[in-house]
2 protein chains.
Amino acid sequence: MHSFTEENYLKAIFKLIEQDGDGVTTNAIADRVKTKAASVTDMLKKLSDKKLINYRKYQGVSLTSKGEKVALNIIRKHRLWEMFLVEKLDFKWDEVHDVAEELEHINSEKLISQIDKFLNYPKVDPHGDPIPDKNGKFQIQKSKPVSVFKQNDVLIMTGVVDHSAAFLQYLDKVGIALGKEIKIKNMVEFDKSLQIIINKNTPIFISNEAAKNILAIKKIKCG
Amino acid sequence: MHSFTEENYLKAIFKLIEQDGDGVTTNAIADRVKTKAASVTDMLKKLSDKKLINYRKYQGVSLTSKGEKVALNIIRKHRLWEMFLVEKLDFKWDEVHDVAEELEHINSEKLISQIDKFLNYPKVDPHGDPIPDKNGKFQIQKSKPVSVFKQNDVLIMTGVVDHSAAFLQYLDKVGIALGKEIKIKNMVEFDKSLQIIINKNTPIFISNEAAKNILAIKKIKCG
DNA sequence: ATAATATTTTAGACTAATCTAAAAATATGA
DNA sequence: TCATATTTTTAGATTAGTCTAAAATATTAT
Ligand SMILES: [Mn+2]
Ligand SMILES: [Mn+2]
Ligand SMILES: [Mn+2]
Ligand SMILES: [Mn+2]
């Protein structure tokens with residue numbers, strides 16, 4: 001169907017559009033797929049010939065709906081595999097990404113629909129990212145970084161911005177995980193670090209840098 | 001580590017050695033990996049440089065112990081994945097091979113050891129083929145084709161020679177599966193077809209061609 | 001033993017994906 | 001606006017894997 005490489009470019013372009021909107025630049029893609037701008041230009045021509053992207057020299061690119069469909073399917077597979085690894089094979093959330101990068105390119109409609117069923121049709125992956133369904137539809141997250149909330153806000157942790165193993169391991173260490181309650185006890189004016197209470201435990205401090213990389217929503221009062 | 005292609009060549013060489021012994025020919029490999037002899041010669045040089053095979057021009061090849069180890073690991077992964085697909089994702093035994101051909105190249109020690117554990121360390125795959133352990137060790141099957149047994153022998157079905165979907169579907173249709181009892185009721189001298197009884201059901205006829213492709217062992221009397 | 005046949009290797013070319021270096025286009029800013 | 005800096009594209013080379021056609025070697029059959 002499409003080569004590994006083509007799939008990786010499409011996924012990269014999709015994520016850059018998600019971040020910065022259409023008109024994705026050659027250099028931005030080169031960065032993401034860890035290659036040089038010259039190689040990207042070559043690939044853009046190929047993807048354009050295949051009607052997977054809209055491309056005019058020097059103008060930046062966007063995905064056609066065909067290209068977006070391919071990208072969403074790769075992302076669907078990536079996130080389902082991550083979920084499978086965590087839920088069924090006892091992987092930690094910081095161990096799954098690299099393996100999923102390989103597994104996402106396996107071609108089998110049946111395989112992925114069975115994995116989906118086996119996991120009971122999960123809506124989010126182990127990092128809180130939404131899993132597109134068969135048709136590429138997924139719920140847009142309205143989470144925001146913990147850093148934007150106010151003193152005494154009570155939040156539910158829903159995701160991460162930084163997906164690096166190092167950051168995920170840090171969150172493990174301080175006890176922050178998906179679904180945990182985070183109460184903002186107070187903010188240090190000097191460096192914008194936060195004192196927070198996780199699930200009613202003893203308060204801890206997290207840096208502003210950390211707070212910017214943790215996503216959460218306001219907790220709904222219930223009971 | 002090793003490319004996709006290199007792994008497929010090593011696996012092909014391993015299986016040819018298993019079948020015909022050392023001194024595997026260029027054409028035999030070309031057949032198995034579905035390429036041309038000239039391409040095989042190129043690859044043999046590369047594998048030889050990497051000390052994965054023993055190769056002297058025109059003399060045929062054998063695997064070094066390093067090469068054998070790689071081949072056995074691919075086969076281990078292939079068979080574990082097939083088992084996973086059948087046991088956990090409701091695939092039929094005739095549906096798993098092609099997907100496993102892709103999955104066998106995924107690189108993750110942890111992934112495969114967890115799959116092994118998840119399946120409770122199976123000894124054979126859905127086709128009755130032995131699954132090498134972490135160290136490449138596996139039990140040699142002493143099964144023989146049904147065609148070599150004698151009238152009134154009572155057998156247990158243990159595997160297949162022909163792994164094609166068409167043959168496996170035929171076996172499904174007539175009710176032959178791993179572990180089933182096969183009693184040889186009689187053999188037609190004319191065309192060597194057999195009348196057999198599967199699990200005490202009504203007798204059926206199978207051709208000599210079919211009998212040669214079904215593996216079995218003599219049933220041990222018990223009770 | 002020699003000629004005919006079959007197998008294997010070499011030579012040379014092609015494709016996908018990559019790279020470096022140079023040229024072209026665009027953006028920036030005095 | 002126009003020179004400078006940055007970004008993007010082109011040109012040309014490289015590598016892995018493949019192919020066809022031709023040459024070299026081995027096998028087989030008279
Ligand atoms: Mn990931
Ligand atoms: Mn994820
Ligand atoms: Mn198989
Ligand atoms: Mn099998």
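Remember, predicted model here, so these are calculated numbers, not experimental data. A, B, ... follow the sequence lines: proteins, then strands. Residue 1 opens every chain.
Note on B/Y55: only backbone sugar-phosphate atoms sit closer than 4.0 angstrom, heavy atoms only; bases stay farther off. When heavy atoms are screened at a 4.0 angstrom cut-off, A/T41 is found touching base atoms of the nucleic acid.
Mapping A/F4 and B/V24 onto DNA chain C by nearest heavy atom places B/V24 at the nucleotide closer to the 5' end.
Between the P atom of D/dT25 and the CG atom of B/N27 lies a distance of 18 Å, rounded to the nearest Å. Protein atom CG of A/D42 is 10 Å distant from nucleotide atom C1' of C/dA16, rounded to whole Å. Distance, B/K36 NZ to D/dA16 C1': 18 Å, rounded to whole Å. Taking atom CD of B/Q59 as the reference point, atom C1' of D/dA26 lies 9 Å away to the nearest angstrom. Rounded to whole angstrom, the span from the CZ atom of B/R56 across to the C1' atom of D/dA26 amounts to 14 Å. As rounded to whole Å, 12 Å separates atom P of D/dT18 from atom CG of B/L44. Atom NZ in B/K57 sits roughly 7 Å away from atom P in D/dT25 (whole-Å rounding). Residue B/K45 contributes atom NZ, which lies 16 Å from atom P of D/dT15 at whole-angstrom precision.
Both tests do not hold together for A/K88 against B/F118: distance to the six-membered ring centre under 6.0 Å, angle to the ring axis within 45°.
Within 6.0 Å of NZ in A/K144 there are 12 or fewer heavy atoms belonging to other residues, nucleotides or ligands. Residue-environment remark: CD (A/E109) stays at or below the threshold of 12 foreign heavy atoms within 6.0 Å.
Considering only side-chain atoms of A/T35, the nucleotide from C/dC19, D/dT20, D/dT18 that sits closest is C/dC19. The side chain of B/S39 approaches D/dT18 more closely than any other nucleotide in the set C/dA25, D/dT18, D/dA21. Here the nucleotide nearest the side chain of B/Y58, chosen from D/dC19, D/dT25, D/dT8, is D/dT25.
Between A/T5 and C/dA16, a side-chain N or O to OP1/OP2 separation shorter than 4.0 Å is absent.
Using modelled atom types and a 3.5 Å distance limit, the side chains of A/S147 and A/N208 yield no donor-acceptor pair. Side-chain polar atoms of B/H78 and B/D125 form no donor-acceptor pair below 3.5 angstrom.
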